[in-house]
K.L.:
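First, the structure itself, so that you have it in front of you.
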2 protein chains.
Amino acid sequence: MPKVTISKPRSFGNVEKFIEPCILLLLSKDSSHGYGLMDGLGKHCGHNVDIGNLYRTLRKMEKNKWIVSDWQKNKIGPDKRTYKISPNGVTILHEAASSLKTAQRLLSRFRNGYNRIYDNGVTV
Amino acid sequence: MPKVTISKPRSFGNVEKFIEPCILLLLSKDSSHGYGLMDGLGKHCGHNVDIGNLYRTLRKMEKNKWIVSDWQKNKIGPDKRTYKISPNGVTILHEAASSLKTAQRLLSRFRNGYNRIYDNGVTV
DNA sequence: CATACTATATGATATTTACATATAGATATG
DNA sequence: CATATCTATATGTAAATATCATATAGTATG
């Protein structure tokens with residue numbers, strides 16, 4: 001029997017590919033491996049990120065040369081692939097930050113319009 | 001020969017389904033038809049929206065009972081399907097506004113972290 | 001009479017996200 | 001010591017969303 005999945009549509013407010021600039025920002029502070037980024041990304045994204053997508057995203061970012069990895073054979077614990085940001089990645093982060101600023105402006109414009117109608121003009 | 005399309009990935013900062021709350025906000029001010037929403041949506045979204053996507057979104061929103069339409073046979077110009085927001089739609093708009101506020105907070109958190117590293121802590 | 005504008009709509013495809021599953025060593029707990 | 005949980009990386013598949021292209025038709029304009 002073919003598997004049929006019906007899931008509800010996503011809610012509003014998701015910023016597309018937000019995880020990528022967040023990764024670049026976190027790696028700007030400290031090199032880290034995929035699993036180690038989970039906590040910081042959870043805080044930045046407002047929810048626990050999908051670990052599978054995280055690893056896939058990291059590989060894609062490395063392919064794009066935004067980050068570079070080296071494989072660390074650990075004596076204790078499983079081996080880790082540790083990533084650090086590249087100069088190219090810093091450039092991308094700047095571009096992303098600029099785009100995200102635009103998004104902030106658009107959201108702010110929406111909120112002002114919304115408040116004018118429904119919240120008596122109060123801007124929080 | 002099979003058609004092969006290679007397109008570049010979308011840039012950062014796109015807010016998913018942002019067009020829907022924008023439509024609800026615009027219809028809160030005034031009833032309108034699809035084509036007539038284009039200008040306002042362009043300003044809210046920061047770029048001209050895809051007209052095909054707009055019409056499909058309107059139909060979906062009507063199916064969800066967020067908006068209702070009536071078909072206006074015009075003497076001058078092409079006929080129009082005029083939409084107005086429903087009480088249900090107002091509720092959805094409130095929910096969307098709340099989610100978008102969360103998005104604003106996350107973007108603001110990102111920006112603060114970014115500025116701390118790259119812009120000497122200056123928050124614009 | 002060709003071109004552009006208003007107006008609505010669908011088809012096909014690309015991109016992005018979500019959910020599920022696989023693997024494997026380490027560490028804790030009863 | 002069996003088994004459950006945690007750390008760690010990764011792939012398969014499908015759903016949700018966005019983009020690009022095309023179809024149709026009336027109207028206005030030069």
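Numbered from 1 within each chain, the chains take letters A, B, ... in sequence-line order.
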K.L.:
Atom CG of Asp70(B) and atom P of dT8(C): how far apart are they, to the nearest Å?
P.N.:
12 Å

K.L.:
Which nucleotide, dT17(D), dC19(C), dA10(D), lies nearest any side-chain atom of Glu16(B)?
P.N.:
dT17(D)

K.L.:
Quick one: Met61(B) CE to dA9(C) P, roughly how many Å, whole number?
P.N.:
15 Å

K.L.:
Find the distance between CZ (Phe12(A)) and CG (Leu100(B)) and round it off to the nearest 0.5 Å.
P.N.:
8.0 Å

K.L.:
What is the distance, to the nearest angstrom, from the CZ atom on Arg81(A) to the C1' atom on dA8(D)?
P.N.:
12 Å

K.L.:
Counting C-beta onward and ignoring hydrogens, is there a side-chain heavy-atom pair between Ile23(A) and Ile85(A) closer than 4.5 Å?
P.N.:
no

K.L.:
Taking the inter-plane angle between the rings of Phe110(A) and Tyr114(A) on a 0 to 90° scale, is it parallel (under 30°), tilted (30 to 60°) or perpendicular (over 60°)?
P.N.:
parallel

K.L.:
So, the side chain of Asp50(B) versus the backbone of Gly52(B): is there a donor-acceptor pair under 3.5 Å, distance only?
P.N.:
yes

K.L.:
For Leu54(A) and dT16(C), what is the distance between atoms CG and C1' respectively, to the nearest whole Å?
P.N.:
15 Å

K.L.:
For dT6(C), does OP1 or OP2 lie under 4.0 Å from any side-chain N or O of Tyr35(B)?
P.N.:
yes

K.L.:
What nucleotide, of dT9(D), dA7(C), dC19(C), holds the atom closest to the side chain of Tyr55(B)?
P.N.:
dA7(C)

K.L.:
If only side-chain N and O atoms of Arg56(A) are considered, is one of them under 4.0 Å from the OP1 or OP2 phosphate oxygen of dT9(D)?
P.N.:
no

K.L.:
Is the shortest side-chain N/O distance from Arg10(B) to OP1 or OP2 of dA18(D) below 4.0 Å?
P.N.:
no

K.L.:
Which of the following nucleotides, dT8(C), dA8(D), dA16(D), is nearest to the side chain of Pro9(A)?
P.N.:
dA16(D)

K.L.:
Between Arg59(A) and dA10(D), is there a side-chain N or O to OP1/OP2 distance below 4.0 Å?
P.N.:
yes

K.L.:
Can you tell me the distance, in whole Å, between the NE2 atom of His33(A) and the P atom of dC6(D)?
P.N.:
16 Å

K.L.:
Of the nucleotides dA10(D), dT8(C), dA8(D), which one has an atom closest to the side chain of Ile51(A)?
P.N.:
dA10(D)

K.L.:
Using heavy-atom distances to pick each residue's nearest nucleotide on DNA chain D, tell me which of Asn14(B) and Tyr83(A) is more 5'.
P.N.:
Tyr83(A)

K.L.:
Just how far, in rounded Å, is P of dA20(C) from CG of Asn48(A)?
P.N.:
16 Å

K.L.:
Say you draw a straight line from CG of Leu54(A) to CG of Leu58(A); how long is it, rounded to the nearest 0.5 Å?
P.N.:
4.5 Å

K.L.:
I'd like to know if Asn53(A) reaches the base of dA18(C) with its side chain, counting only an N/O donor and acceptor under 3.5 Å.
P.N.:
yes

K.L.:
Rounded off to whole Å, could you give me the NZ-to-P distance for the Lys17(B) and dA18(C) pair?
P.N.:
11 Å

K.L.:
Under 4.0 Å between any heavy atoms, over every strand shown, what does Gly34(B) touch: base, sugar-phosphate, or nothing? Just pick one.
P.N.:
sugar-phosphate

K.L.:
Check the distance between dT13(C)'s C1' and Asp50(B)'s CG and give it to me in whole angstrom.
P.N.:
13 Å

